[in-house]
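Just so you know, these numbers come straight off a predicted model, no measurement behind them. The figures here come from the full heavy-atom set of this structure, side chains too, leaving out hydrogens, waters and symmetry mates.
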Amino acid sequence: MAATFYILCLGSTIPIKPEFKKDNLIYFNSATLDLNPTKTGTNTIDNSAVNLISSKNDTLLHISIRRTENAVVFNTKPNNAGWGTEERIVLKGTFTKGNNATITVYDHGDRYQILFDGKTVHYYKKRIEDNATQVSYTINKDVAQVFSRELGVTTFPSLPTWRFGTRTGFGHEFLRLWMDKVYATS
């Protein structure tokens, strides 16, 4: 099966088909990147996020960019329950390409590998065993978004496994070259 491309607008949730599952990859691409914190109202959290959501409306993976905290937050939220324990990394230096920022998520089955601009920034152990059927792009009220108002989202059902190194990760250089080739021909 081939890659599938979507446009994900700020404040929206869209279905993805086929569902995002083990050995799949999803690629979020933004035409702009603004890492300067901006708050215009009373909201205390400067938050732009992309989410992988199950058919049961569980947030399987929440990737939140928080400029005022200099943090990227990863979390899970079961439907009708509260957020789990946050996992954090430092935001500064994670996006290296300036504009045209990318977030890539590879599903290893037991964990997600998250890459920013083609570089692995975090492995997130799955807390809910399910497949994603939707993606969303959100920001908190009274803040400027980190990414462009529309994100390009591409799902890949599998990658050429014969090129991968080990079970714990895959060749980042290969991934970058492969993604460059995919986008050069699309």
Let's go through H62 and F74 carefully: what are the C-alpha distance in whole Å and the side-chain angles of both, what is the deciding distance for ring pair (Phe, Tyr, Trp, His ring centres under 6.0 Å) to 0.1 Å, and is it a yes or a no? CA-CA 5 Å; H62 172 73; F74 305 92; 9.1 Å; no
Salt bridge (charged side-chain N to carboxylate O under 4.0 Å, His left out) between K126 and D107, intermediate numbers included: CA-CA 9 Å; K126 288 185 177 182; D107 186 340; 2.8 Å; yes
Between the main-chain N or O of T13 and the side-chain N or O of S136, is there a donor-acceptor pair closer than 3.5 Å? no
Derivation of the side-chain contact (heavy atoms from CB on, under 4.5 Å) call for T76 and L60: CA-CA 5 Å; T76 296; L60 304 173; 5.7 Å; no
Flag if over 12 foreign heavy atoms under 6.0 Å of CZ, R127: yes
Is any side-chain heavy atom of Y27 closer than 4.5 Å to one of T102? yes
Polar side chain donor-acceptor pair, Y106 to N24, under 3.5 angstrom: no
Could you go step by step and tell me if T154 and T4 meet the side-chain contact (heavy atoms from CB on, under 4.5 Å) rule? CA-CA 5 Å; T154 308; T4 306; over 6 Å; no
Atom CG of D58 and atom CG of D130: how far apart are they, to the nearest 0.5 Å? 6.5 Å
Validation row: V146, D34 side chains within 4.5 angstrom (heavy atoms): no
Distance only, no hydrogens: is a donor on one side chain within 3.5 Å (strictly under) of an acceptor on the other, for S64 and N47? yes
Interatomic distance, CZ@F20 vs CD1@I53, rounded to 0.5 Å, equals 13.0 Å
Evaluate the side chain to side chain donor-acceptor pair (under 3.5 Å) criterion for residues Q134 and N57: first the C-alpha distance (whole Å), next the side-chain angles of each, then the deciding distance (0.1 Å), finally the verdict. CA-CA 9 Å; Q134 309 168 73; N57 285 321; 3.2 Å; yes
In the structure I gave you, are the side-chain heavy atoms of L10 and S12 within less than 4.5 Å of one another anywhere? no
Find out whether I89 and T94 are in side-chain contact, i.e. whether some heavy atom of one side chain is under 4.5 Å from a heavy atom of the other. yes
Look at the side-chain heavy atoms of Ile, Leu, Val, Met, Phe, Trp and Tyr, link any pair under 4.5 Å apart, and say whether W83 and Y124 land in one connected group. no
From the list I26, I65, I103, side chain to side chain contact (heavy atoms under 4.5 Å, CB included) with V50 holds only for I103
Gap separating the CG atom of N29 from the OG1 atom of T104, nearest 0.5 angstrom: 8.5 Å
Would you say P78 and I128 make side-chain contact, with heavy atoms under 4.5 Å? yes
Is there side-chain contact between V121 and V72, with heavy atoms separated by less than 4.5 Å? no
Are F147 and L33 packed together at the side-chain level, in the sense that at least one heavy-atom pair is separated by less than 4.5 angstrom? yes
If you measure from NE2 on H122 to CZ on F116, what distance do you get to the nearest 0.5 Å? 10.0 Å
Which atom names give the shortest non-hydrogen contact between P157 and A2, and what distance separates them? CD-O, 3.7 Å
L52 with I14, same ILVMFWY side-chain cluster at under 4.5 Å: yes
Hydrophobic cluster membership, with links at side-chain heavy-atom distances under 4.5 Å among I/L/V/M/F/W/Y: are V90 and F95 in one? no
Report the C-alpha separation of Y137 and N51 in whole Å, then their side-chain angles, then the decisive distance to 0.1 Å, and conclude whether the side chain to side chain donor-acceptor pair (under 3.5 Å) test is met. CA-CA 7 Å; Y137 174 31; N51 303 287; over 6 Å; no
Checking D46 against R66 for the salt bridge (charged side-chain N to carboxylate O under 4.0 Å, His left out) test, could you report, in this order, the C-alpha distance in whole Å, the side-chain angles of both residues, the deciding distance, and whether it holds? CA-CA 5 Å; D46 175 25; R66 300 188 184 174; over 6 Å; no
Restricting to non-hydrogen atoms, name the atom on Y6 and the atom on P15 that form the minimum distance, rounded to 0.1 Å. CE2-O, 3.6 Å
I'd like to know if the side chain of S148 and the backbone of E150 have a donor-acceptor N/O pair within less than 3.5 Å. yes
Check the pair E86 / R88 against salt bridge (charged side-chain N to carboxylate O under 4.0 Å, His left out), numbers first and verdict last. CA-CA 6 Å; E86 293 180 345; R88 290 175 170 254; 3.0 Å; yes
Gap between atom CD of E19 and atom CG of N131 - 0.5 Å precision: 4.0 Å
Separation between NZ (K17) and OG1 (T133), nearest 0.5 Å, reads 9.0 Å
Would a hydrophobic clustering, with Ile, Leu, Val, Met, Phe, Trp and Tyr connected at side-chain separations under 4.5 Å, put V73 with V105? no
Does either side chain, that of T120 or that of Q113, offer a donor lying less than 3.5 Å from an acceptor on the other one? yes
What are the two closest non-hydrogen atoms of D117 and A101, and how far apart are they? OD1-CA, 3.4 Å
Here the pair of heavy atoms bringing E87 nearest to Y123 is OE1-O, 4.1 Å
